[in-house]
Amino acid sequence: MLIEKLKSKRAHLGVVGLGYVGLPLAVEFANAGFRVTGFDLSEEKTRAVGEGRSYVRDVTEESLRRAIEGGRLVATSDFSTLAETDCVNICVPTPLRKTRDPDVSYIVAAVEEIAKHLHPGMLIILESTTYPGTTDELILPMLEATGYKVGQDFFLAFSPERVDPGNAVHTTKNIPKVVGGVTSACTEAATTLYRGCLETVVPVSSTRVAEMVKLLENTFRSVNIGLVNELALMCDSMGIDVWEVIDAASTKPFGFMPFYPGPGLGGHCIPIDPFYLSWKARQVGFEARFIELAGLINSFMPQHVVTKITRALNDEGKSVKGSRILIMGVAYKADIEDVRESPALDIIERLLELGGEVSYHDPLIPDITSEGIPLRSRGASPQDLAASDIVVIITPHRSFDMEAVTAHAPLVLDTRNALKGNHASHIRRL
Ligand SMILES: NC(=O)c1ccc[n+]([C@@H]2O[C@H](COP(=O)([O-])OP(=O)(O)OC[C@H]3O[C@@H](n4cnc5c(N)ncnc54)[C@H](O)[C@@H]3O)[C@@H](O)[C@H]2O)c1
């Protein structure tokens, strides 16, 4: 019955959590022909969706409007509509607590709402990144407490979201979707749903395998970035250009994949997800040493940037205290409007603590608060650049005029190799 509804696109889909992951997914489902209801606690977001205003850069207003036309996509904060849905995808945040333990409270809250409206034939899929075992240890008992049985009365699966915000080539539609169900009937139901709108679906044998896939991918990135950051620290001490080393190593046609150093990790994934895995590993008596070591090195990078700024100013006979420091780019990566976990925030905070006169330029992030001080993005005109003691490139958005930075800033620290090839004496690199 459910499979038929999914194949014929008569199934009514629900997406819980309309953020960077949930909104693109809801729009994709709707534009594939499904009727979709998006649920979010934020009425600001549900209102924006209703009015066809996209707050996620990867979702164009044109595709959002297409989705809401004819009522194929609606958004609400009223969870009673869950009773009318055939499938629900959960896309809520999975942050860390201050103790670096997983905070699954958003998942629990979402599942509590779903459990109230669980009905026969319903499919629930968790997409939030989480530790292996979340789906069958945490969610399954909550849903079965209703008296319904998984694989018979309702279906439950995990499918990691792999979206890469700002990436126009690899999108929700064409990134292969890994799916693991609690039972084979659950996998079949979830696979059928995604095959109806995404290009490639990759079924795996269990929810735990699917959960671990996502953590392997993000741990792989965190560990390799940690390795290359350590190499950058080594090269800095030895007077070797780490970027030249990586570029030359990248000419090897096999067995090497370039990763690049930077001012530190950012975003809701790479700095967080590996700790979901190390936490779970500790529960079974296992110390995830690579994860901890990469975490240590990566979280040291903002301090290293501050040391480089201090040294560069010192060479000019200046101290951080009282120097005008212009930070270029505070988003956690180029060309996106997301500042979560951005190393720029840590760097700005440390510089303010040292008494620096810090300002920033980021057309995608109009304001931030650091050390309780509200900061607004300012201009980066030739005069602004020239009036700074040092310009620090943290996140080089495509819109930045790098030639102007090189020409007008008296001193530059480039943490991303954005001024590639320019070895002028006023340009320092990570
Ligand atoms: N952002 C990424 O690049 C990315 C990529 C892959 C996977 N993920 C994972 O996807 C998940 C979601 O991340 P995101 O970046 O979309 O987060 P987000 O903060 O952008 O969006 C989450 C949304 O969920 C809403 N929400 C929270 N609790 C809710 C509840 N109980 N009911 C309804 N709505 C609720 C919030 O208001 C918010 O709009 C996380 O587990 C994350 O690790 C994120």
Side-chain angles (χ1 to χ4, degrees), residues 14-28 37-49 53-59 75-82 85 88-97 102-117 124-132 134-135 138-139 142 158-168 170-172 175-178 210-211 213-222 265-277 279 331-342:
V15 175
V16 177
L18 294 173
Y20 289 94
V21 164
L23 185 64
L25 187 69
V27 169
E28 204 59 60
T37 301
F39 299 87
D40 204 293
L41 297 176
S42 157
E43 287 183 3
E44 206 181 313
K45 284 185 180 167
T46 55
R47 203 175 318 116
V49 171
R53 282 186 288 114
S54 176
Y55 47 87
V56 172
R57 251 172 116 72
D58 292 341
V59 175
T76 178
S77 298
D78 173 7
F79 289 83
S80 65
T81 316
L82 280 167
T85 58
V88 184
N89 291 62
I90 305 171
C91 307
V92 295
T94 44
L96 287 175
R97 298 188 189 282
D103 176 0
V104 290
S105 59
Y106 297 88
I107 294 180
V108 170
V111 175
E112 278 170 354
E113 286 297 338
I114 293 166
K116 283 185 210 162
H117 305 285
I124 291 100
I125 306 175
L126 177 63
E127 297 223 3
S128 303
T129 307
T130 184
Y131 58 82
T134 308
T135 310
L138 181 73
I139 299 181
M142 287 175 74
F158 181 82
S159 178
E161 180 51 63
R162 297 160 130 180
V163 73
D164 179 22
N167 189 329
H170 302 293
T171 60
T172 300
I175 296 171
K177 198 89 175 92
V178 171
E211 287 159 338
V213 166
K214 175 72 185 177
L215 294 177
L216 166 63
E217 291 165 5
N218 284 2
T219 301
F220 172 81
R221 284 188 57 72
S222 167
L265 299 180
H268 186 38
C269 293
I270 313 292
I272 292 173
D273 302 346
F275 294 105
Y276 268 69
L277 183 52
W279 175 84
Y332 83 85
K333 73 173 187 175
D335 304 318
I336 64 162
E337 74 290 16
D338 190 353
V339 80
R340 287 179 295 179
E341 312 288 327
S342 174

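Just so it is clear, the values below take in all heavy atoms, side chains as well, and ignore hydrogens, waters and symmetry mates. Note that ligands are numbered from 1 as they come in the structure, with each ligand's atoms numbered from 1 the same way.
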Requested in this report: Using the test side-chain hydrogen bond (donor to acceptor under 3.5 Å, both in side chains), find all partners of Asp40 that sit at least two apart in sequence or belong to another chain.
Outcome: none
Report task. For the residue pair Asp103 and Leu96, establish whether any side-chain heavy-atom pair is separated by less than 4.5 Å. Result -> no
Query raised in the report: Residues two or more places apart in sequence or in another chain: which of them pass ring-ring contact (aromatic ring centres under 6.0 Å, His included) with Tyr276?
Result: none
Query raised in the report: Okay, side chain of Arg162, backbone of Thr172: is any donor-acceptor separation there less than 3.5 Å?
Result: no
Report summary line: Sorted by chain and residue number, the residues having a heavy atom closer than 4.0 Å to an atom of ligand 1 are Val16, Gly17, Leu18, Gly19, Tyr20, Val21, Phe39, Asp40, Leu41, Lys45, Phe79, Cys91, Val92, Pro93, Thr94, Tyr106, Ala109, Ala110, Ser128, Thr129, Glu161, Val163, Pro165, Lys214, His268, Cys269, Arg340
Requested in this report: Could you tell me whether a side-chain N or O of Asn167 sits under 3.5 Å from a main-chain N or O of His170, the two making a donor and an acceptor?
Outcome: yes
Query raised in the report: Phe39: what forms a ring-ring contact (aromatic ring centres under 6.0 Å, His included) with it, not counting sequence neighbours?
Result: Phe79
